[in-house]
There are 2 protein chains.
Amino acid sequence: MKATIYDVAKEAGVSIATVSNAINGKGKISKKRREEIFKIMERLQYQPSVIASALTGKKTFTLGLLIPDISNPFFAEIARAIEDEAHQSGYSVIICSTDNKDERVERYIALLESKSVDGIIIGTGIDNMDILSQLQSRSVPLAMIAREASSLAVDTVVADDFVGGVLAAEHLVSLGHKRLAVLSENLKVSSSRERIRGFRQGLADVGVSFDDNSIVICEYKVEEGKRGALELLQRGGERPTAIFCCNDLLAIGAIQAAKEAGVRVPEDLSIVGFDDTILATVTDPPLTTVAQPMEHMGKLVFKLILGHLQNKDSIRQRIVLRPELTIRQSTSHVAGEA
Amino acid sequence: MKATIYDVAKEAGVSIATVSNAINGKGKISKKRREEIFKIMERLQYQPSVIASALTGKKTFTLGLLIPDISNPFFAEIARAIEDEAHQSGYSVIICSTDNKDERVERYIALLESKSVDGIIIGTGIDNMDILSQLQSRSVPLAMIAREASSLAVDTVVADDFVGGVLAAEHLVSLGHKRLAVLSENLKVSSSRERIRGFRQGLADVGVSFDDNSIVICEYKVEEGKRGALELLQRGGERPTAIFCCNDLLAIGAIQAAKEAGVRVPEDLSIVGFDDTILATVTDPPLTTVAQPMEHMGKLVFKLILGHLQNKDSIRQRIVLRPELTIRQSTSHVAGEA
DNA sequence: TTGAAAGCGCTACCAA
DNA sequence: TTGGTAGCGCTTTCAA
């Protein structure tokens, strides 16, 4: 069987209390004992049981990460950053892909709670914010990434989605586009709403009109984006000359839709994405997109929630990172312009 | 504070043993008591602590998943499949991105063991197989996915990498290619070795010669693939007319290298990838690649390891899935042929 | 059918 | 400096 603290204590001829102290650097222990104990631990291949210590000490050194889908490169990259940072502090992270379904969110949260995770990082869209406020009232440390829960006092790291939207609008306008459309995922996702609001504002600022009918909503998958874009392209009336997509996956769908509809990108249709995942660099044409500093965001949320874990009454922070426009080849001057 | 089994027992006027039995469906309990207890649990929002029950010798319902990098779409998709399947059985999965570094593998394994995970699924390349055999000798349930550890008796799910290599070779040869090259990640990854072996065999079968110097090894990142492909393209002597890349990421690197070197794909250079991740569908041109049934593989490993957890002496299985060639537009007849 | 009590491995507090 | 010991929340005999 695996060695326990008792085995070590017996072997060293001391009490388990002393071994525990040695391990945790508590109390005073003579150097000699200390070294002796460590040597024995090594010989016995002793590894303290996090489970047992969690039952007393309280921490499990495990975090839950709620995201829509780990197979979405945006979240995979964020997850990687969080994981790296967490691992350095001895934390593990449990991934929970929710597909933005409240029902899954609730199941996962219950599971995470029963496993006594030390905190939960949330990057998933949630309809019913009560779920979160309940969590908070049960004093489970929370942090949000790439999503906002403005009704809650909770540590948050987001890119400035509004500014991102503005950036996209400005870019498109500067290329002479006047007939714009938007492809967005479910509006229950706060970041999507902000992006659209920013996009609108960016257009309004320079007097370009924008019609609400030009917004198409769909799920966050490529397939859906394609369907949505197709709808936009096949509508009666004048076709938009540019589409702002609320994430790279949808932008890819739009590119595919354009291909299928025989519309050239960027000559006949400019497309702007959001996120700047690895996908944006490999598409045909490479995607002009609003870049979020994913790695940085991931590392930051972990630091935030860690601060929270170490110091119960550390002050809540909301960190907003500025996105940047990465111009590639999916956007160009509107046809007929200089 | 969170409700405990004591609170429920007190409220119900029974002993904790009875509550425990009710929860776990053990022993005999009168229906009346049973229902009463459940009602109280609900009212108190009682959730049994997995931690505490794990300490009593039961399971933690947590699995570790070792992969090279969760931000690699291939592993992200596999992780998603495993996660879904696991969640259905009440299991959580902790992701561990190792970058194929033994040092990281060891750190993660130690962490997972100290957290008493019920099992570990391994999809990462490992140099020192002793790490695994030690794990096994400590009787930690193991399962491999997309990797082999032939020296160990362990549940395994892989695509038939050898056949995949053959498929790629046959396809290229059928297009008239004779000067072939290979771009592979580190050969310590068993699957890469097999793919190359299959590729070779496929060529040999039809009498096309292949020179070991045409194999370039690099890390698994796009950047590295690009560098490697560039080397291949800029060598003196005749340029290869086709490159077989051991995964999609490298294939993308190769596409980028070709662009940079002014070599057209597929007219001047055909490229075949491996995996068929989402990336393959969006590249320019879309990638011809050997498809692995990722979702299926993920679901299968979980089932395998679960069987192992539920029935200690379930027999070891090695499941080999047949890959398929997905032909897109990165391959074509060699220039000058019909 | 139900309950009392002995742990599981570890931490923390109080004595020695 | 050290050790004894009371839990942490739950499972599991063994009796009642």
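Fair warning: this is a prediction, and the values are worked out from it, not measured in the lab. Residue numbering restarts at 1 for every chain, and letters A, B, ... go by the order of the sequence lines.
Between the side chain of A:Glu11 and the backbone N or O of A:Ile40 there is no donor-acceptor pair closer than 3.5 Å. Judged by distance alone, the side chain of A:Lys188 and the main-chain N or O of A:Asn100 form a donor-acceptor pair under 3.5 Å. Between the side chain of A:Asp102 and the main chain of A:Asp127, a donor-acceptor pair closer than 3.5 Å is present.
Among the candidates B:Leu63, B:Leu142, B:Ile305, the single residue satisfying the side-chain contact (heavy atoms from CB on, under 4.5 Å) test with B:Ile120 is B:Leu142.
Between A:Tyr91 and A:Phe302, the two ring planes are perpendicular [angle over 60°; tilted spans 30° to 60°].
Heavy atoms from other residues, nucleotides or ligands lying under 6.0 Å from CD of A:Gln47 number more than 12.
When the nucleotides C:dA4, D:dG4, D:dG9 are ranked by their closest atom to the side chain of A:Leu55, D:dG9 comes out on top.
Axis angle between the ends of the helix from C:dT1-D:dA16 to C:dA16-D:dT1, five pairs each and rounded to 10 degrees, works out to 40°.
Defined by atom type and a distance below 3.5 Å, a donor-acceptor pair is missing between the side-chain atoms of B:Thr62 and B:Lys115. In summary, the side chains of B:Thr56 and B:Ser53 do not present any donor paired with an acceptor at a separation below 3.5 Å, with no hydrogens or angles considered.
Counting non-hydrogen atoms under 4.0 angstrom, B:Val14 reaches the backbone sugars and phosphates but no base.
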query: Base, backbone or nothing for each nucleotide of nucleotides 10-16 of chain C, written B, S, -, heavy atoms under 4.0 angstrom, 5' to 3'?
result: BBB----
